[in-house]
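Report on one structure; see the data block that follows.
The structure displayed is predicted, hence computed values, not measured ones.
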Amino acid sequence: MASEEPLVIVTSTAPVNIAVIKYWGKRDEALVLPLNSSLSVTLHQDQLKTTTTAAISRDFTEDRIWLNGTEVDVGQPRLQSCLREIRRLARKRTSTNDGDAPPLSLSYKVHIASENNFPTAAGLASSAAGYACLAYTLARVYGVEGELSEVARRGSGSACRSLYGGFVEWHMGESADGKDSIAQQVAPESHWPELRILILVVSTEKKLMGSTAGMQTSVKTSALLQFRATSVVPARIAEMIRCIRERDFPGFGQLTMKDSNQFHATCLDTFPPISYLNDTSRHIMHLVHRFNTHYGQTKVAYTFDAGPNAVVFTLDDTVAEFVAAVRHCFPPESNGDKFLKGLPVRPVPLSDELKAALALDPTPDGVRYIIATKAGPGPQILDDTHLHLLGSDGLPKPAA
C-alpha cells in the first residue's frame with residue numbers, strides 16, 4: 001500500500017494493441033481463457049492511449065467510475081471482476097508478508113476516471129487499452145506487484161497484451177485455473193524501428209455486435225472457429241514469431257492478412273452470421289492487394305479487428321506513397337488538412353502507372369482520417385500531479 005494517508009492517487013497510461021494473429025472465442029467465460037493463443041503489436045501512446053486515475057480514500061462511501069467524463073455503472077460484471085481480483089491479490093500480498101491483519105486501506109472504496117484519446121468501441125481496441133490501464137493503475141494504488149495478466153484479462157481478454165510494449169504473445173495456457181494464460185513480450189518496440197502502422201478510420205460509430213456477444217455465438221455455432229483454434233493458429237504463431245524476430249516484412253504482412261481474413265471468415269461462418277466489415281473495408285483490402293501486385297511484393301498489409309477500421313502495416317520507406325494512394329482512392333472532401341494525424345508523413349505524388357494499377361473508383365470521404373503511428377512501449381506511470389483526472393476531492397476535474 002502506498003500509504004495510509006486520506007487519499008492515495010495514481011495515474012497511468014496504457015496502449016492499444018492490434019492483433020496480427022487473432023483472439024476470438026473463449027474456452028472459459030468466467031476466467032476469460034481463450035480458445036487459442038494470439039499475437040499483437042503494441043501501438044505508440046503518443047498517438048493512441050488510455051489514461052486512468054485511481055484513488056482510494058477512507059472518505060469515499062462507494063466505488064465509482066467515470067469514462068470519458070461521464071459516470072458509468074460501477075456494477076458492470078467485467079469491472080467488478082477486475083476490482084475483486086486486484087483486491088484479492090492485495091490481501092494475499094499483505095497476509096503473505098507479515099501475517100498481520102490487512103491494512104485498513106484495503107477496505108477503502110475506489111474512485112476511477114478513465115479517458116481515451118481515440119473513439120471508444122469503434123473497433124480500435126479501446127477495451128484492451130482501458131482494462132490494461134485499469135489493472136496497471138489499481139495495482140499501483142493497492143501495492144500489488146508481479147504478473148497482472150489475470151487481472152487485465154478479467155476485464156477484456158486482449159487487455160493482457162497491452163501490459164507490454166512491442167510484440168506480445170498471449171499464451172492460451174493449458175491449466176484449468178488459467179494461471180498459465182498470460183501475456184509475454186516476444187520483442188521490444190525498439191526491435192523493428194522501420195515498422196509503421198496506419199489506422200484508417202472508416203467509422204467512429206459503436207458497432208452493432210460487441211466482441212463478447214460475437215465470440216459467444218461463434219463458439220457455439222462455427223465449426224471453422226474450432227478448426228482454426230486447433231489446426232491453424234499454433235503453426236501461425238510460430239511462423240509469426242519467426243517473421244518478427246527476422247524482421248521479414250513480406251512474411252509478416254502476408255500472414256497478418258491471411259489471419260485477418262480467416263477471423264472474418266469465422267464471423268461469417270457463425271450462425272446467424274456476423275459482419276464487421278463494410279464496403280469501404282473491402283475497398284481498402286483491394287487497394288492493398290493491387291498496390292502489392294503493382295510492386296510484385298508485399299509492401300503493405302491490412303488487418304481488421306471486430307470493426308470496419310483498417311490497420312495497415314508497412315515500412316517507413318513505403319508510408320508516404322501508400323498514404324498518397326489512400327488519398328487518391330478515398331479523397332477527403334471536408335477535412336483535407338486534418339486527414340492525416342499522428343506521425344508526420346511527407347506528401348508525395350502518385351505515378352500514373354500506380355494510379356492505373358489501383359483502378360479503383362474514388363470513394364470520397366470513405367476513409368474519415370488516418371492515424372500514423374509505430375510500435376510503442378507498455379503502460380507508464382504519470383508522476384505529474386497536474387495530469388491526474390481526479391482532483392483532491394476524488395471527483396473528476398472540470399474540463400479545461
Side-chain angles (χ1 to χ4, degrees), residues 12-23 32-34 36-50 52 82 86 89 124-125 127-140 144-175 178-197 233-249 251-253 255-256 259 301 303 305 311 313 315 373-381:
S12 63
T13 64
V16 168
N17 75 77
I18 297 296
V20 290
I21 302 294
K22 303 295 189 188
Y23 149 60
V32 192
L33 302 179
N36 59 266
S37 297
S38 55
L39 204 150
S40 61
V41 182
T42 299
L43 307 188
H44 206 288
Q45 294 181 55
D46 283 354
Q47 285 74 48
L48 295 143
K49 67 182 175 185
T50 294
T52 298
C82 283
I86 206 78
L89 290 171
L124 288 181
S127 62
Y131 278 106
C133 204
L134 179 68
Y136 192 80
T137 309
L138 289 175
R140 298 311 181 273
V144 171
E145 298 169 353
E147 178 57 55
L148 295 175
S149 285
E150 187 168 3
V151 182
R153 201 184 68 220
R154 295 294 182 95
S156 174
S158 54
C160 65
R161 298 191 309 246
S162 279
L163 292 170
Y164 299 93
F167 304 84
V168 183
E169 180 182 0
W170 174 17
H171 298 274
M172 63 177 285
E174 296 177 0
S175 173
K179 297 299 183 188
D180 56 350
S181 184
I182 60 171
Q184 192 169 37
Q185 189 180 70
V186 171
E189 61 272 18
S190 58
H191 170 71
W192 203 343
E194 301 84 10
L195 190 68
R196 292 292 179 272
I197 302 142
V233 169
R236 283 189 173 176
I237 289 278
E239 175 64 7
M240 185 61 83
I241 290 173
R242 181 200 68 77
C243 290
I244 290 167
R245 288 184 172 154
E246 297 179 9
R247 293 186 283 273
D248 170 7
F249 186 82
F252 171 88
L255 192 52
T256 294
D259 205 72
T303 188
D305 280 343
V311 177
F313 292 94
L315 298 178
T373 185
K374 60 184 179 179
Q380 313 281 308
I381 291 287

Self-check item: Donor-acceptor contact present, side-chain N17 to main-chain A128, <3.5 Å
Solution: no

Self-check item: Side-chain heavy atoms of E189 within contact of T42, under 4.5 Å
Solution: no

Quiz item: Just how far is it from atom CZ of R245 to atom CH2 of W192, taken to the nearest 0.5 Å?
Solution: 13.0 Å

Quiz prompt | Chi angles and distances behind the side chain to side chain contact (heavy atoms under 4.5 Å, CB included) call for L255, E239 | solution = CA-CA 8 Å; L255 192 52; E239 175 64 7; 3.7 Å; yes

Quiz item: Any donor-acceptor pair under 3.5 Å linking the side chain of K22 with the backbone of A19?
Solution: yes

Quiz item: For Q184, which residues count as a side-chain hydrogen bond (donor to acceptor under 3.5 Å, both in side chains) partner, sequence neighbours excluded?
Solution: H171

Exercise. Applying side-chain hydrogen bond (donor to acceptor under 3.5 Å, both in side chains), run through T256 and T303 and close with a yes or a no.
Key: CA-CA 6 Å; T256 294; T303 188; over 6 Å; no

Quiz item: Side chains of I182 and E147: does their closest heavy-atom pair fall under 4.5 Å?
Solution: yes

Quiz prompt | Main-chain N/O of D180 paired with S175 side-chain donor or acceptor, under 3.5 Å | solution = no

Exercise. Can you see which heavy atom on A129 is nearest to which on A14, and at what distance?
Key: O-CB, 3.7 Å

Quiz item: Taking atom CD1 of I237 and atom CG of L39, what is their separation to the nearest 0.5 Å?
Solution: 5.0 Å

Self-check item: Sole residue of S181, S149, S40, S37 in side-chain hydrogen bond (donor to acceptor under 3.5 Å, both in side chains) with W170
Solution: S181

Self-check item: Q380 (side chain) donor-acceptor with G378 (main chain) under 3.5 angstrom
Solution: yes

Self-check item: Minimum heavy-atom distance D259-R236, with the two atoms named
Solution: OD1-NH1, 2.9 Å

Quiz prompt | Over all atoms of both residues, closest heavy-atom pair of Y131 and A152 | solution = CB-O, 4.0 Å

Self-check item: Exam field: side chain R161 to backbone V168, donor-acceptor pair closer than 3.5 Å
Solution: no

Quiz prompt | Test item: P34 and M172 side chains (from C-beta on) under 4.5 Å apart, heavy atoms | solution = yes

Exercise. Could you list the residues that satisfy side-chain hydrogen bond (donor to acceptor under 3.5 Å, both in side chains) with T50, not counting sequence neighbours?
Key: N116

Practice problem: Check whether the side chains of T137 and T52 place a donor and an acceptor atom closer than 3.5 Å, and report yes or no. | Solution: no

Quiz item: Does a side-chain heavy-atom distance below 4.5 Å link V41 with V20?
Solution: yes

Quiz item: With a 4.5 Å limit on heavy-atom distance, are the side chains of S158 and S38 in contact?
Solution: no

Quiz prompt | Donor-acceptor contact below 3.5 Å, side chain S162 vs main chain A132 | solution = no

Practice problem: First locate atom CE of M240, then atom CD1 of I21, and finally report the distance between them rounded to the nearest 0.5 Å. | Solution: 4.0 Å

Exercise. Check for a donor-acceptor pair, side chain of H191 on one end and backbone N or O of I244 on the other, with a separation under 3.5 Å.
Key: yes

Self-check item: Cation over ring face, R247 and F249, 6.0 Å, 45°
Solution: no

Quiz item: Between V151 and L89, is any pair of side-chain heavy atoms under 4.5 Å apart?
Solution: yes

Quiz item: Is I197 close to V311 at the side-chain level, that is, under 4.5 Å between some pair of heavy atoms?
Solution: yes

Quiz item: Taking T373 as the fixed residue, which of Q47, R196, Q45 is the one that meets the side-chain hydrogen bond (donor to acceptor under 3.5 Å, both in side chains) rule?
Solution: Q47

Practice problem: Can you sort out the partners of D248 under side-chain hydrogen bond (donor to acceptor under 3.5 Å, both in side chains), two or more places apart, ordered by chain and number? | Solution: R242

Practice problem: To the nearest 0.5 angstrom, please state how far the CD1 atom of I86 sits from the CD atom of E150. | Solution: 10.5 Å

Practice problem: Side-chain contact test, heavy atoms from C-beta onward, threshold under 4.5 Å: evaluate it for I241 versus F167 and give yes or no. | Solution: no

